[in-house]
Amino acid sequence: MKINKIIKPKRFSRFVIIPSAIFRFKNISAAATGLYCWLFSHEENQDITFTFIMAHFKNGRDALQTCIKELTAAGFMIREQVKVEGKFKGYNYILNDVPLTGKPLTGKPLPGNQQQSNIYIDNIYNNKSNIKYDNRVLNAFDHFVNLFPEKNQPKTKAQKNNWLDCLDKIQRIDKYDLGEVYLKCKELRTDSFWQNNFLTILKLRNTDKNGVKYIDRFMYKKSVTINDIRKKIPGHISFYKYNDPNGKTLVGAKTINGDIDFLMLQTMLTEDEIKIIIND
């Protein structure tokens, strides 16, 4: 099991090549861009922790936490929690060569000799509605394909269209975030049962014997309690509230290893979980 590792597309593993998408993405800070480039320069499976990052840069903790938040919000990074037998063990830093959130790239078009995904070259359209798939779906496509064995991956244009159509409907009709769906599918592909029974994303919109779509079954979230949230914070002692200079209520956490401020807490919890703490 991988814990505290850098994980990036394999085609970049032997070279210090930085995907050009990060340089075309508008409204991201130079500091976040620099951190992304530095992370990408490391070899696949490099041991990586926040302490390791801090030891390299002169930027303070808050500044680096802000950079990580920017990259995850833009979809260039997925900070994946790793648990063993239900206990938090660390994070993997999954780097994307295109923004998984699908926010539009701005600036000058990429040069014609740039390596591009085949889904852009094929200019695939939804044949049923004659509407081009949006960037969020297109950018997510390769990530989902790579979760499955080569023999199960879509090969013909029609098969690719079916997969793209499925992703589009998951986002547009089922209202799920493709980044969260990707992480759930990645988890399922390592499960001893589902790795042999989940061989195509098309299954996600099929229904089980009870008439429940698998996407709804897989993405089901139980009601989260304050106790559930406490378990996500290593060495948790208590939560506390404080106000920023503008009077906005923020929350932090006291742990056996020291305090965790609001910025760091945002990288560990969802917005809904933070709201639960504030309202508790």
Next on the checklist: Looking at Lys275, I'd like to know if its NZ atom is crowded, meaning that more than 12 non-hydrogen atoms belonging to other residues, nucleotides or ligands lie closer than 6.0 Å.
Outcome noted: no
Checklist entry - Which distance, rounded to the nearest 0.5 Å, do you find between the CG of Leu35 and the CD of Glu70? => result 10.0 Å
Checklist outcome for this item: Rounded to the nearest 0.5 angstrom, the OG1-CD distance for Thr72 and Glu80 is 13.5 Å
Checklist entry - Is Phe57 reachable from Leu95 through a run of hydrophobic residues whose side-chain heavy atoms are each under 4.5 Å from the next? => result yes
Checklist entry - When you measure from the side chain of Lys69 to the backbone N and O of Thr267, does any donor-acceptor pair fall under 3.5 Å? => result no
Checklist entry - Going through the checks in order, is the side chain to side chain contact (heavy atoms under 4.5 Å, CB included) test met by Asn152 and Thr200? => result CA-CA 7 Å; Asn152 299 113; Thr200 169; over 6 Å; no
Checklist entry - Would the Tyr93 and Trp38 ring centres measure less than 6.0 Å apart? => result no
Item to check | side chain to side chain contact (heavy atoms under 4.5 Å, CB included), paired with Ile215, selected from Thr207, Asn206, Ile201, Asp174 | outcome: Asp174
Item to check | For the student: nearest non-hydrogen atoms of Trp194 and Leu188, plus distance | outcome: CB-O, 3.4 Å
Next on the checklist: Over 60° means perpendicular and under 30° means parallel, so tell me whether Tyr214 and Phe218 are parallel, tilted or perpendicular.
Outcome noted: tilted
Item to check | Heavy-atom donor-acceptor pair, Gln153 side chain to Val145 backbone, under 3.5 Å | outcome: yes
Checklist outcome for this item: To the nearest 0.5 Å, atom CZ of Arg136 lies from atom CG of Leu167 at 11.0 Å
Checklist entry - Should the pair Arg172-Asp168 be classified as a salt bridge under the 4.0 Å nitrogen-to-oxygen rule? => result yes
Checklist entry - What closest approach, in Å, do Asn96 and Met77 show between heavy atoms, and which atom pair accounts for it? => result ND2-N, 4.1 Å
Item to check | side chain to side chain contact (heavy atoms under 4.5 Å, CB included) evaluation trace for Leu164 with Leu138 | outcome: CA-CA 7 Å; Leu164 284 164; Leu138 293 173; 4.2 Å; yes
Checklist entry - Counting N and O atoms only, with roles assigned by atom type, does the side chain of Asp244 sit under 3.5 Å from a partner on the main chain of Asn246, one being a donor and the other an acceptor? => result yes
Item to check | Taking every non-hydrogen atom, the tightest pair across Tyr176 and Asp216 | outcome: OH-OD1, 2.7 Å
Checklist entry - Got a second to check how far Asn162's CG is from Arg205's CZ, nearest 0.5 Å? => result 12.5 Å
Next on the checklist: Check for me, please, whether Ile274 and Leu263 land in the same ILVMFWY cluster - side-chain distances under 4.5 Å, paths through other members count.
Outcome noted: no
Next on the checklist: Any non-hydrogen side-chain atom of Phe50 less than 4.5 Å from a side-chain atom of Leu64?
Outcome noted: yes
Item to check | Over all atoms of both residues, closest heavy-atom pair of Ile28 and Thr33 | outcome: CG2-OG1, 3.6 Å
Next on the checklist: Between Ile233 and Leu269, is the side chain to side chain contact (heavy atoms under 4.5 Å, CB included) condition met? List the steps.
Outcome noted: CA-CA 9 Å; Ile233 309 299; Leu269 304 175; 4.0 Å; yes
Item to check | Test ring-ring contact (aromatic ring centres under 6.0 Å, His included) applied to Phe76 and Phe23, Tyr36, Phe40, the passing residue | outcome: Tyr36
Item to check | Other residues, nucleotides, ligands: >12 heavy atoms within 6.0 Å of Lys151 NZ | outcome: no
Checklist entry - Near Lys203 NZ, under 6.0 Å, is it more than 12 heavy atoms from other residues, nucleotides or ligands? => result yes
Next on the checklist: What I'd like to find out is whether the side chain of Arg230 reaches to under 4.5 Å of the side chain of Phe239, using heavy atoms alone.
Outcome noted: yes
Checklist entry - Which atom names give the shortest non-hydrogen contact between Asp62 and Asp261, and what distance separates them? => result OD1-OD2, 2.8 Å
Next on the checklist: Show, in sequence, the C-alpha distance, side-chain angles and deciding distance for Ile53 and Cys67, and conclude whether the side chain to side chain contact (heavy atoms under 4.5 Å, CB included) test is met.
Outcome noted: CA-CA 11 Å; Ile53 296 173; Cys67 290; over 6 Å; no
Checklist entry - For the atom pair CD (Gln195) and CZ (Phe148), what is the distance rounded to the nearest 0.5 Å? => result 12.0 Å
Checklist entry - Taking side chain as C-beta onward, heavy atoms only, is Gln65 less than 4.5 Å from Phe262? => result no
Checklist entry - Honestly, is Lys160 close enough over Phe141, meaning NZ or CZ under 6.0 Å from the six-membered ring centre and within 45° of the axis? => result no
Checklist entry - Where do Phe198 and Phe193 land on the ring-ring contact (aromatic ring centres under 6.0 Å, His included) test, with the steps shown first? => result CA-CA 9 Å; Phe198 176 45; Phe193 174 80; over 10 Å; no
Next on the checklist: Applying a strict under-4.5 Å side-chain criterion to I, L, V, M, F, W and Y, I'd like to know whether Leu178 and Leu202 cluster together.
Outcome noted: yes
Checklist entry - Is the shortest distance from a Lys or Arg side-chain nitrogen in Lys232 or Asp228 to a carboxylate oxygen in the other one below 4.0 Å? => result no
Checklist entry - Is there side-chain contact between Ile68 and Arg79, with at least one heavy-atom pair below 4.5 Å? => result yes
Checklist outcome for this item: Output for pair (Leu250 CG, Asn243 CG), nearest 0.5 Å, gives 7.0 Å
Checklist outcome for this item: Between Arg189 and Leu199, the two heavy atoms sitting closest are NH1-CD2, 3.9 Å
